[in-house]
Amino acid sequence: MTSPKALVKVESLGELEASALDVLWAAASPLSVRDVASRLKRRPALAYTTVMTVLDRLHDKGFVAREMDGRAYLYRPRIGREALMGERAASALSKQGPPESAVLMAFLDSVESRDPKVLDHLAELIAARRSSR
Amino acid sequence: MNELLLVGFVAFAFLLTAWASAHLCARWAERLPRSLARSSSSRAAIALLPIAVGTGVALSLVSPPAFFGGCHCIAHPHHIHLCFEHAAFSWSLAFASVVAAIGLVVAVRAVVSVLVDVNETARWSSRLRVTRAERDADIGIATELEAGAVTVGLLRARIIVGATLWSQLDETGRNAIAAHERAHVARRDPLTLLVLRLAACVMPGRASRMLIDGWRRAAEMACDRAAAQSLGDPYALASALVECGRIQSLEQRSSRRAAGLAAADSDDLELRVSSLLEEPISAATRSSTRGDLIGVMLAMAAVAFAVTVLGGASAHHAAETVLGWI
């Protein structure tokens with residue numbers, strides 16, 4: 001099991017995705033969508049297509065690998081539980097941004113959240129100018 | 001010993017003049033006409049002007065006799081003289097030297113602080129897990145930099161864009177940000193920022209912040225114009241700016257604002273967007289690093305020459321007279 005560095009966005013893991021990943025970690029061998037759906041303890045039970053979408057997303061994000069077995073995919077985790085925790089911790093630590101007095105040029109630095117109305121107004125202004133060009 | 005006191009007095013004059021002129025320059029910069037206010041070269045020249053004025057005044061205090069027919073100390077025996085040939089002990093010179101020593105200690109500490117910031121910035125950027133963008137090999141994508149894009153590195157500047165921002169933009173928006181940051185690289189803006197911050201070490205805090213913030217804002221707008229011109233589409237960059245602001249707003253994570261790192265608040269965002277929408281793109285808006293540099297050097301040289309040579313004799317005699325009274 002490898003840690004797919006650049007591919008994994010640890011912060012983008014949703015609740016269902018985390019549950020599906022838990023099931024795959026607990027299993028000794030790769031699982032099909034139906035296997036994962038049956039092991040996810042949810043009430044009401046999740047639809048087959050929902051679980052398939054969740055596993056598809058996990059695959060796209062690089063968390064799981066899959067291989068064709070007959071007409072169905074079998075999924076296995078690409079990243080270990082510990083490795084994921086480490087990635088999350090590292091990500092949380094490094095999300096503090098550059099040092100306070102960093103010697104760099106920032107595209108747009110933020111001090112506090114901006115007024116959404118101002119942003120909407122600017123977006124409308126740009127759209128209006130673009131369309132009138 | 002007496003020569004050392006004279007050197008101390010020169011340092012005192014330099015610090016005092018730079019400190020006072022920084023105040024004046026900061027106020028003056030607020031009243032600049034729009035064309036000058038948005039010119040990064042003008043802003044850089046104004047930010048460095050206190051150094052030029054301080055150097056000019058310090059030199060003028062000890063050099064005019066050499067320029068204007070030699071030493072006149074013999075003809076003016078009634079007060080002390082600021083020339084190295086006839087340096088004499090004076091309590092006023094000693095006092096100025098002590099003040100200068102304190103000022104220099106403060107300035108050296110500020111310089112060390114800037115160098116520490118440079119080191120920390122380099123360490124921070126090296127810790128980022130950066131992957132190359134698919135089509136733009138010079139753009140690094142970092143998940144840790146959520147909604148930002150930075151140009152970092154003094155001699156070999158790198159462009160790093162936050163993964164969230166990059167993924168939220170379409171290709172046009174990505175090209176706009178890439179063009180903006182490439183303009184920073186071409187202009188060597190991180191290096192200029194370092195020079196300005198080092199120069200600011202002998203200036204009062206508030207004035208230096210105002211001067212550096214002013215330059216940074218003008219530099220961002222210069223890069224906006226350069227990006228708009230290279231793309232032929234100012235709206236793409238304006239949209240990318242708004243999108244960046246929107247993501248930052250959603251995250252509601254306060255970032256950094258400090259002496260060296262100016263921040264773009266809502267007013268800045270509006271100013272930059274409206275500037276992109278209002279100003280026509282023309283060849284005249286192209287940012288020229290070499291032109292900027294030559295302009296700044298010429299302005300500095302002109303000021304130093306004017307203060308040292310043209311006003312030197314008056315400043316020299318005035319300082320001697322004042323010291324004599326003391």
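Every chain is numbered from 1, with letters handed out A, B, ... down the list of sequences. Quick note: numbers below take in every heavy atom, side chains included, and nothing from hydrogens, waters or symmetry partners.
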Handout entry: Side-chain (T121(B)) to main-chain (V103(A)) donor-acceptor, under 3.5 angstrom
Key = yes
Exercise for the section: Show your reasoning for whether side chain to side chain contact (heavy atoms under 4.5 Å, CB included) applies to S239(B) and R130(A). Expected result: CA-CA 10 Å; S239(B) 298; R130(A) 198 192 285 270; 3.3 Å; yes
Practice task
For the pair I126(A) and L276(B), evaluate side chain to side chain contact (heavy atoms under 4.5 Å, CB included) and give the outcome as yes or no after the intermediate values.
Solution key: CA-CA 10 Å; I126(A) 295 165; L276(B) 279 166; over 6 Å; no
For [X], is it the side chain, the backbone, both or neither that has a heavy atom under 4.5 Å from a heavy atom of chain A?
X: A219(B); result: side chain
X: I160(B); result: neither
X: E181(B); result: side chain
X: V152(B); result: both

Exercise for the section: Please indicate whether R57(A) has more than 12 foreign heavy atoms, meaning atoms of other residues, nucleotides or ligands, lying under 6.0 Å from its CZ. Expected result: no
Fill in the blank from the handout: In short, R216(B) meets L104(A) closest at the heavy-atom pair NH1-O, 3.1 Å
Practice task
Identify the heavy atoms of V242(B) and L119(A) that sit nearest to each other, and give their distance.
Solution key: CG1-O, 3.7 Å
Handout entry: Atom pair CZ (R129(A)) and CG (L277(B)), whose distance is rounded to the nearest 0.5 Å
Key =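 One finds 5.5 Å between CZ of R129(A) and CG of L277(B).
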Exercise for the section: May I ask you to name which of D224(B), D189(B), L191(B) has the most heavy-atom pairs under 4.5 Å with chain A? Expected result: D189(B)
